[in-house]
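Sequence lines set the chain letters: A, B, ... in the order given, protein chains first and strands last, and positions in each chain run from 1. Note: hydrogens, waters and symmetry copies are ignored here, and every other heavy atom, side chains too, is used.
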2 protein chains.
Amino acid sequence: MAKVGRKPSAKREAILDAAQAAFLEDGYAATSMDGVALGACVSKATIYAHFASKDQLFAAVIQRRCERESVFQAPEGLPDARTALTQVARRLLGLLLSPEALAMYRVVVSESMRQPDLARAFYESGPAAGKAQIAEIMAELARRGALTLSDPWQATDMFIGMLRTDLFMRKLLGLPLREDQSPEQVIDTAVDIMMRAYGPVRPPVA
Amino acid sequence: MAKVGRKPSAKREAILDAAQAAFLEDGYAATSMDGVALGACVSKATIYAHFASKDQLFAAVIQRRCERESVFQAPEGLPDARTALTQVARRLLGLLLSPEALAMYRVVVSESMRQPDLARAFYESGPAAGKAQIAEIMAELARRGALTLSDPWQATDMFIGMLRTDLFMRKLLGLPLREDQSPEQVIDTAVDIMMRAYGPVRPPVA
DNA sequence: GTCTATATACAGATAGAC
DNA sequence: GTCTATCTGTATATAGAC
């Protein structure tokens, strides 16, 4: 069996690729090792030479997919808060609505109770990492005086929540979108609320 | 086989109860018809006398669970917007965080791509119905002048989103909550943002 | 409608040659 | 490491008696 340290074996990568496609497409239980072997042009025994079990193959797939993407660098230059938040929201909502992210979310959520380690890995590398990066941008905007907020983490939580609304739910469930639903409209509304709530010019508290 | 119209057979109900417990606890694939039969104190053949297949048993379970609960009646009396929104948020977040709702969400999301009809039934009776009821309350608050908003549906979407944040995600994935996370804190923050954005006294637009 | 017993298929995992 | 061939368990679904 291959060691834990990287073994950039071609077959191993082919197995992981085929397994990822199958798991994300069909879910954990509906994916068979025979199918993965077929997709990777490899015998089933070869899979077991690299991965001890279906569980561990699944874990390797999820872990590999968790080790990447983030890319919420602080907006270039010194844009105003509205522009900065809009850029961040576009990036995040685009990511959330991508077919790969939705498939990943479905399969991890469905297996989270049976594979707690995977649930944590996904959470840390996905939602938690994204939140941390956006919170840092929020904090920077607050330092510049572009936003007035006491807790960037709380504000970030709410901001992200406002992006995962009905549009996200429908995509997640595979339902068609209503005509008047668009990511841009969600983004505009969310940013608008953030600016009303935390914009630099705040109404005197009643 | 039993007709489609209601047959309040005791065994049928026992089967549905056992199946619901199993599906919500273990997920669709990991639930076996043998297990359901055991849980319902019934032979497996009896299950197939009532339900044509595992798929249809699952559908019946989900459908039955979808035909109920809502209960977002407009707050009693004429409370101010902050009180009304807080009451609504408490009710909704309590529902979202309940173990049954979380289990339902997990299993429906995981099977949504393979059973589109179920996904739609869940969406209509769950998220869509809840949103409609809350939007009506929003609209009533706007009519009273307690909120200033042009589109109650949009505002409702954002409000609900702000309740489904990190706290919800961690519960969904079965992760322990951070000490400083509490439903009440999420509710207070969300309501506060709504009041800042849509409260009757709005700042002049800069 | 309900049961016992069984058909049939396919899953995950392994043995052993190369 | 990789293959072919196989073991073994268990799943969905059904036959046929009552």
Side-chain angles (χ1 to χ4, degrees), chain A residues 1-62 64 107 110-111 114-115 117-118, chain B residues 1-62 64 107 110-111 114-115 117-118:
Chain A
M1 173 162 29
K3 308 299 284 302
V4 175
R6 288 304 134 65
K7 238 334 179 6
S9 152
K11 297 241 172 185
R12 186 187 174 90
E13 290 303 309
I15 292 167
L16 284 170
D17 290 342
Q20 172 174 316
F23 282 133
L24 293 189
E25 176 75 15
D26 304 326
Y28 177 81
T31 294
S32 75
M33 298 297 266
D34 292 87
V36 173
L38 203 65
C41 298
V42 161
S43 81
K44 199 161 49 165
T46 299
I47 299 180
Y48 282 97
H50 288 271
F51 305 96
S53 67
K54 184 182 178 183
D55 274 4
Q56 291 201 18
L57 174 59
F58 181 65
V61 167
I62 302 299
R64 189 181 67 155
V107 69
S110 72
E111 292 304 311
R114 284 170 285 285
Q115 309 226 33
D117 292 350
L118 280 194
Chain B
M1 172 162 30
K3 307 301 285 299
V4 176
R6 287 304 134 64
K7 218 25 161 336
S9 152
K11 297 241 173 187
R12 187 188 174 90
E13 289 303 308
I15 292 168
L16 284 169
D17 290 342
Q20 172 174 317
F23 282 132
L24 293 188
E25 176 75 15
D26 303 327
Y28 177 81
T31 294
S32 75
M33 299 297 264
D34 292 88
V36 172
L38 203 66
C41 300
V42 160
S43 81
K44 201 163 42 167
T46 299
I47 299 180
Y48 282 97
H50 287 271
F51 305 96
S53 68
K54 185 183 178 182
D55 273 5
Q56 291 200 19
L57 175 59
F58 181 67
V61 167
I62 302 299
R64 188 181 67 155
V107 70
S110 72
E111 292 303 312
R114 283 170 288 284
Q115 308 227 34
D117 292 351
L118 281 194

Testing D:dT12, C:dA13, D:dT2 for proximity to the side chain of A:Lys54, the answer is C:dA13
Quick note, B:Ala49 side chain, CB onward, closest among C:dC3, D:dC3, C:dT2 is C:dT2
Among the nucleotides C:dA15, D:dT12, C:dA11, whichever has the atom closest to the side chain of A:Ser32 is C:dA11
Quick note, B:Val42 side chain, CB onward, closest among C:dC3, D:dT12, C:dA15 is C:dC3
*Contact under 4.0 Å: A:Lys44 side-chain N or O vs D:dG1 OP1/OP2*: no
Looking only at C:dT14, D:dT12, C:dC3, the nucleotide nearest the B:Lys11 side chain is C:dC3
B:Tyr28 atom OH is separated from D:dA11 atom C1', nearest whole Å, by 11 Å
Self-check item: A:Tyr48 side-chain N/O to C:dA13 phosphate OP1/OP2 under 4.0 Å
Solution: yes
Quiz item: With side chains defined as the heavy atoms from C-beta onward, is the minimum distance between B:Arg64 and B:Asp17 less than 4.5 Å?
Solution: yes
d(A:Leu16 CG, A:Phe23 CZ) to nearest 0.5 Å is 10.0 Å
D:dC3 phosphate, OP1 or OP2: any side-chain N/O from A:Thr46 under 4.0 angstrom?
yes
Taken to the nearest 0.5 Å, the spacing of B:Ile47 CD1 from B:Gln56 CD works out to 14.0 Å
Atom CZ of A:Phe23 and atom P of C:dG12 are separated, to the nearest Å, by 8 Å
